[in-house]
Structure formats: structure tokens, C-alpha cells
A.B. asks: 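Can you read through this structure? Questions will come right after.
For ligands, and for the atoms within them, numbers begin at 1 and follow the listed sequence. Keep in mind the model is a prediction, meaning the values are calculated, not measured.
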Amino acid sequence: MKCWVVASGGLLGFDLGLLLSAKGIEWVGTSHSELDITSESAIEAFVEKERPTHIFNMAAYTDVNRAETEGKEEAYATNRDGPIHIAHVAKKTSARFIHVSTDYVFDGKKETDYTEDDPTGAVNEYGRSKLEGERGMFAAYPAALSVRTASLYGLHKDGHVAAMVKALQTQEEAFHITDQISTPTYTPDLAEALLILSGEKGIVHFVNGGWCSRFELLQEVLSLCHTWRVPVRAKRLVPKTQREVSRGATRPVRTVLSTRKYQSIAGKVPRHWKEALAEYFSHKADVWKT
Ligand SMILES: NC(=O)c1ccc[n+]([C@@H]2O[C@H](COP(=O)([O-])OP(=O)(O)OC[C@H]3O[C@@H](n4cnc5c(N)ncnc54)[C@H](OP(=O)(O)O)[C@@H]3O)[C@@H](O)[C@H]2O)c1
């Protein structure tokens with residue numbers, strides 16, 4: 001097995017690289033500046049030189065708000081065209097192709113958890129670009145795998161949980177959204193799932209267990225700050241709705257992903273998001289105290 005981690009410097013890509021190293025698996029990584037997935041010839045040249053057996057695509061245009069406006073073209077070039085280019089090259093060399101997709105392919109109107117077979121219907125440009133990428137790559141290479149996930153946070157790069165801690169530390173009143181519900185997912189857990197799933201094809205969902213609104217996540221983050229004695233300034237948490245907070249792109253309301261398929265493949269249940277978040281705090285609390 002020789003893996004290529006595309007965008008190994010991203011939030012998720014970094015943790016996948018760490019995991020592969022820890023397991024003694026041969027791998028090579030590229031950053032955006034070293035390899036741009038919008039160029040099929042660059043992908044082809046790289047694969048010819050390195051001959052990976054497994055390609056993990058962690059590259060994406062992830063600025064959901066900017067994708068509505070000035071970032072739209074780049075979002076489609078990266079999220080739609082990029083995986084299609086990789087799929088063409090992976091098929092030619094019979095490499096396994098493991099792609100990462102998002103809960104934003106759904107419209108968020110379903111009241112129960114989304115399965116892999118549920119109809120899609122993205123409500124913003126980021127979601128549409130990712131959905132078209134998924135469709136295009138399967139058309140090009142039906143043996144590819146797309147792992148859909150949600151609401152990532154991890155150690156390597158500050159994501160939305162770190163942003164919550166910062167808000168709690170700098171503002172007297174911190175707010176978040178009640179009508180955006182999904183499962184916060186810890187990138188080391190997802191990296192492990194990607195490796196477990198790397199021999200599969202089709203679509204598989206992976207998120208941590210349970211679910212919450214962004215506001216409930218903020219409440220849990222505040223509670224962990226108290227547990228870990230991370231100093232905070234916030235005296236009050238204010239629940240808001242998407243309508244009250246203009247963020248550029250609309251987010252789907254409830255995108256809880258069912259992990260039954262993952263569980264039947266992996267033979268285990270993803271740990272609850274609160275357990276993973278507590279572990280994240282155990283690594284980060286000292287940094288936030290300084
Ligand atoms: N973050 C979330 O909450 C979330 C939720 C659901 C699904 N996902 C999916 O999870 C995957 C990993 O996301 P992440 O959170 O790790 O995002 P991230 O930290 O923003 O990483 C994405 C990486 O892709 C690189 N990149 C962007 N355009 C590229 C291009 N054209 N060619 C090569 N590399 C390029 C970026 O490099 P630069 O920064 O240098 O441009 C960055 O290193 C993505 O597929 C994303 O859609 C994320």
C-alpha cells in the first residue's frame with residue numbers, strides 16, 4: 001500500500017498523514033502549492049512518478065460564504081472538477097480513490113438521519129459544487145469511494161470549535177445558531193475511518209455519534225472551558241436563528257448523517273461527539289490558557 005494524501009496540510013489531511021505515519025504505512029503528501037487538483041496533467045504526472053495504490057483527496061474549497069460570490073468559480077474548479085480529474089487518473093492506474101464529501105449535499109429538511117441512499121439537494125453553492133464533484137467522479141470511476149462527513153474540527157488548524165473558544169474569551173455575549181443541526185466530528189476519528197473504509201466503493205457516511213445545534217455545541221464548549229479552567233469573558237450565551245445572522249450562504253437546517261453503513265463495515269460505533277470534544281480539549285486547554 002502506498003498512499004497519496006492530496007492537501008496533506010489541511011485540517012483533515014494533516015491528521016490522515018499523522019495516522020499513516022503512526023501505522024507505518026508508506027505515504028506521500030502534497031500541499032496546494034505543490035499540486036493543484038484543478039490541473040489533470042499535474043495529477044497525471046505526479047501519479048506516474050509516485051505510483052500510489054490509494055489516493056485520498058482532502059483538497060477542497062471550503063469557504064462556504066465566499067463560494068456564493070467571488071469564490072464561486074474556484075469552488076467549482078476545486079470541488080467539482082478536481083475530483084473528476086483525480087478519478088480519471090486513478091482509473092487509468094487502477095488506484096483506489098477515496099474522496100471526502102459533505103453533509104451540505106442535502107437540503108436539511110429531513111427530520112430523521114440521512115442515509116447514503118437519500119435524495120440530495122444542496123442549498124448553497126459550496127454544497128452544489130461538492131455534489132457535482134461526487135457525481136462526476138462516480139461517472140468517471142464507479143469504483144471510487146466518497147465519504148460524507150460534517151462539522152469538522154481538529155488539532156492542526158483552528159476550525160469552528162476554536163473560533164467558539166476565541167469568542168468566549170473575547171466577548172461578554174457569545175451567540176450561535178439554533179437552526180443548524182449536525183454532528184461535530186473530530187478529524188483524528190475521521191482519518192481512522194477513512195483508512196478503515198479505503199477498500200470500499202460508493203458512498204459511506206462518517207460522523208461522530210449523536211448530534212446538536214451549533215448553539216448546543218457552544219454551550220458544551222463553555223462547559224469544557226470551565227472544566228479545564230480555560231479563562232473566558234463571556235457572561236451570557238445568546239441563541240440566534242440563521243435569519244437573524246447574515247452569513248452569506250444559507251446552511252441546511254438538519255443534516256444528521258446515519259452511520260449504520262459505516263458501522264456494518266467497520267464493526268464498531270463512532271464515539272459520541274461529546275467524548276471526542278473532551279479529548280480535543282485535553283490537547284488544547286493549555287494553549288488556550290496562555
Ligand atoms: N471543515 C468542515 O467542517 C467540513 C465538513 C464537511 C466536509 N468537509 C470536507 O472535508 C474535506 C477536508 O476539509 P478540511 O476541513 O480539512 O478543509 P481545509 O482545512 O480547508 O483543507 C482543504 C485543503 O485543500 C487545499 N486546496 C484548496 N484548493 C486546492 C486545489 N485546487 N488543489 C489542491 N489543494 C487545494 C487547501 O489549501 P490552501 O488552504 O492552501 O488553499 C487546504 O489545505 C473537504 O473535502 C471538505 O469539503 C469539511
Side-chain angles (χ1 to χ4, degrees), residues 4-19 29-43 46 55-67 71-86 89 97-106 108 114 122 124-134 137 144-164 180-191 193-194 203-208 214 217 247 249 251-252 255-257 273 276 280:
W4 174 22
V5 181
V6 184
S8 52
L11 181 67
L12 177 59
F14 191 83
D15 280 330
L16 181 60
L18 282 183
L19 180 68
T30 51
S31 65
H32 188 174
S33 58
E34 287 163 337
L35 190 133
D36 188 328
I37 63 164
T38 64
S39 164
E40 191 162 322
S41 59
I43 297 166
F46 186 84
I55 303 173
F56 291 85
N57 180 30
M58 311 289 108
Y61 182 94
T62 53
D63 190 330
V64 178
N65 292 331
R66 276 173 65 99
K72 186 171 170 183
E73 208 175 303
E74 193 181 338
Y76 278 85
T78 306
N79 298 345
R80 177 193 58 202
D81 304 342
I84 299 174
H85 296 318
I86 299 173
V89 177
F97 178 24
I98 300 98
H99 174 69
V100 179
S101 187
T102 170
D103 55 331
Y104 282 19
V105 299
F106 294 115
Y114 281 101
N124 58 41
E125 296 296 349
Y126 166 77
R128 276 188 282 275
S129 67
K130 293 288 291 184
L131 182 57
E132 289 183 22
E134 230 183 41
M137 74 171 219
L145 170 72
S146 180
V147 180
R148 292 187 189 138
T149 188
S151 188
L152 298 182
Y153 65 95
L155 295 167
H156 171 60
K157 209 169 138 181
D158 281 351
H160 65 107
V161 174
M164 286 181 183
Q180 191 187 343
I181 296 161
S182 62
T183 308
T185 297
Y186 190 38
T187 49
D189 293 3
L190 174 57
L194 291 175
I203 298 170
V204 183
H205 292 170
F206 180 86
V207 284
N208 280 124
R214 291 291 163 122
L217 175 59
R247 293 188 292 175
R251 269 74 171 169
T255 52
V256 181
L257 302 179
W273 69 267
Y280 173 69

A.B. asks: At what distance is the nearest protein heavy atom to atom 14 (P) of ligand 1, and which residue and atom is it?
C.D. replies: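 That would be Leu11 CB, 4.0 Å.
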A.B. asks: Taking Arg251 for the side chain and Ala249 for the main chain, is one N or O donor matched with an acceptor at less than 3.5 Å?
C.D. replies: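 Such a contact is found between Arg251 side chain and Ala249 backbone.
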A.B. asks: Please tell me if atom 39 (O) of ligand 1 is touched by the protein, where touching means a protein heavy-atom distance below 4.0 Å.
C.D. replies: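 Neighbour list for atom 39 (O) of ligand 1 is empty of protein heavy atoms (cut-off 4.0 Å).
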A.B. asks: Give yes if a backbone or side-chain nitrogen or oxygen of Leu152 is under 3.5 Å from a nitrogen or oxygen of ligand 1, and no if not.
C.D. replies: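 Between Leu152 and ligand 1 (N or O atoms, distance only) the closest approach is under 3.5 Å.
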A.B. asks: Would you tell me which option among Leu12, Val105, Thr62 has the nearest heavy-atom contact to atom 20 (O) of ligand 1?
C.D. replies: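 When every heavy atom of Leu12, Val105, Thr62 is considered, Thr62 comes closest to atom 20 (O) of ligand 1.
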A.B. asks: Judged by atom type as modelled, is there a donor-acceptor pair below 3.5 Å linking the side chain of Ser8 to the main-chain atoms of Gly13?
C.D. replies: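 Not a single qualifying donor-acceptor pair exists.
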A.B. asks: Looking only at protein heavy atoms, which one is nearest to atom 12 (C) of ligand 1, and how far off is it?
C.D. replies: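 Result for atom 12 (C) of ligand 1: Met58 O, 3.6 Å.
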A.B. asks: For Val100, is there any backbone N or O sitting under 3.5 Å from a side-chain donor or acceptor partner on Lys130?
C.D. replies: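 It does hold such a pair.
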A.B. asks: Quick test: of every protein heavy atom, which one is nearest to atom 45 (O) of ligand 1, and how far off is it to 0.1 Å?
C.D. replies: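 In this structure, atom 45 (O) of ligand 1 has Lys130 NZ, 2.7 Å as its nearest protein heavy atom.
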A.B. asks: Whether the side chain of Thr185 engages the backbone of Thr183 through a donor-acceptor N/O pair (distance < 3.5 Å, no angle test) should be reported.
C.D. replies: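 Here the side-chain-to-backbone pair exists.
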A.B. asks: May I ask you to test the Pro184-Arg214 pair for a side-chain heavy-atom distance under 4.5 Å?
C.D. replies: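 SC-SC contact between Pro184 and Arg214 ruled out.
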A.B. asks: Looking only at atom types and distance, does a side-chain atom of His160 sit under 3.5 Å from a main-chain N or O of Tyr153, one as donor and one as acceptor?
C.D. replies: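 The answer is no, because no donor-acceptor pair under 3.5 Å joins these two groups.
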A.B. asks: Counting heavy atoms only, which of His32, Glu74, Lys157 comes nearest to atom 19 (O) of ligand 1?
C.D. replies: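 Closest candidate by heavy-atom distance is Lys157.
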A.B. asks: Backbone N or O of Tyr126 within a donor-acceptor pair of the Asn79 side chain at under 3.5 Å?
C.D. replies: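 Checking the backbone N and O of Tyr126 against the side chain of Asn79, no donor-acceptor pair under 3.5 Å is found.
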A.B. asks: Out of Asp158, Thr102, Ile37, Asp81, indicate the one that has the non-hydrogen atom closest to atom 32 (N) of ligand 1.
C.D. replies: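 That would be Ile37.
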A.B. asks: Identify the protein heavy atom lying closest to atom 5 (C) of ligand 1, giving its residue, its atom name and the separation to 0.1 Å.
C.D. replies: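 Here the closest protein heavy atom is Ser151 N, 3.5 Å.
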A.B. asks: Whether the side chain of Glu34 engages the backbone of Ser31 through a donor-acceptor N/O pair (distance < 3.5 Å, no angle test) should be reported.
C.D. replies: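 Checking the backbone N and O of Ser31 against the side chain of Glu34, a donor-acceptor pair under 3.5 Å is found.
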A.B. asks: Give me the nearest non-hydrogen protein atom to atom 6 (C) of ligand 1 as residue plus atom name, then the distance to 0.1 Å.
C.D. replies: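 Checked against all protein heavy atoms, atom 6 (C) of ligand 1 sits closest to Thr149 O, 3.4 Å.
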A.B. asks: Flag the pair Asn57 / Val6 as yes when at least one side-chain heavy-atom distance between them is below 4.5 Å, and no otherwise.
C.D. replies: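 In short, these two side chains touch, coming nearer than 4.5 Å.
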A.B. asks: Would you call Leu35 a ligand 1 contact, heavy-atom distance under 4.0 Å?
C.D. replies: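 In this structure, Leu35 qualifies as a contact of ligand 1 - some heavy atom is under 4.0 Å.
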A.B. asks: Nearest protein heavy-atom contact for atom 23 (C) of ligand 1: which residue, which atom, what distance?
C.D. replies: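 The closest one turns out to be Ala7 CB, 3.7 Å.
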A.B. asks: Could you tell me whether Ala59 and ligand 1 have an N or O pair separated by under 3.5 Å?
C.D. replies: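 No; the residue has no nitrogen or oxygen that sits under 3.5 Å from a nitrogen or oxygen of the ligand.
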A.B. asks: Quick one: does His205's side chain have a donor or acceptor within less than 3.5 Å of a partner on Tyr114's backbone?
C.D. replies: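 It does hold such a pair.
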A.B. asks: Do me a favour and list the nearest non-hydrogen protein atom to atom 21 (O) of ligand 1 with residue, atom name and distance?
C.D. replies: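 So the nearest neighbour among protein heavy atoms is Gly10 CA, 3.6 Å.
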A.B. asks: Flag the pair Met58 / Phe14 as yes when at least one side-chain heavy-atom distance between them is below 4.5 Å, and no otherwise.
C.D. replies: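 The answer is no; the side chains never approach within 4.5 Å.
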A.B. asks: To check your reading of the model: name the closest protein heavy atom to atom 7 (C) of ligand 1, its residue, and the distance in Å.
C.D. replies: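 In this structure, atom 7 (C) of ligand 1 has Ser101 O, 3.4 Å as its nearest protein heavy atom.
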A.B. asks: Among Tyr61, Phe14, Tyr126, Tyr104, which one has a heavy atom closest to atom 47 (O) of ligand 1?
C.D. replies: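 Among Tyr61, Phe14, Tyr126, Tyr104, the closest heavy atom to atom 47 (O) of ligand 1 belongs to Tyr126.
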A.B. asks: Between Asp36, Val100, Val64, which one has a non-hydrogen atom sitting closest to atom 31 (N) of ligand 1?
C.D. replies: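 Of the listed residues, Asp36 has the closest heavy atom.
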A.B. asks: Evaluating non-hydrogen atoms only, which member of Ser8, Ala75, Ala60 is closest to atom 27 (C) of ligand 1?
C.D. replies: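 Result: the heavy atom closest to atom 27 (C) of ligand 1 is in Ala60.
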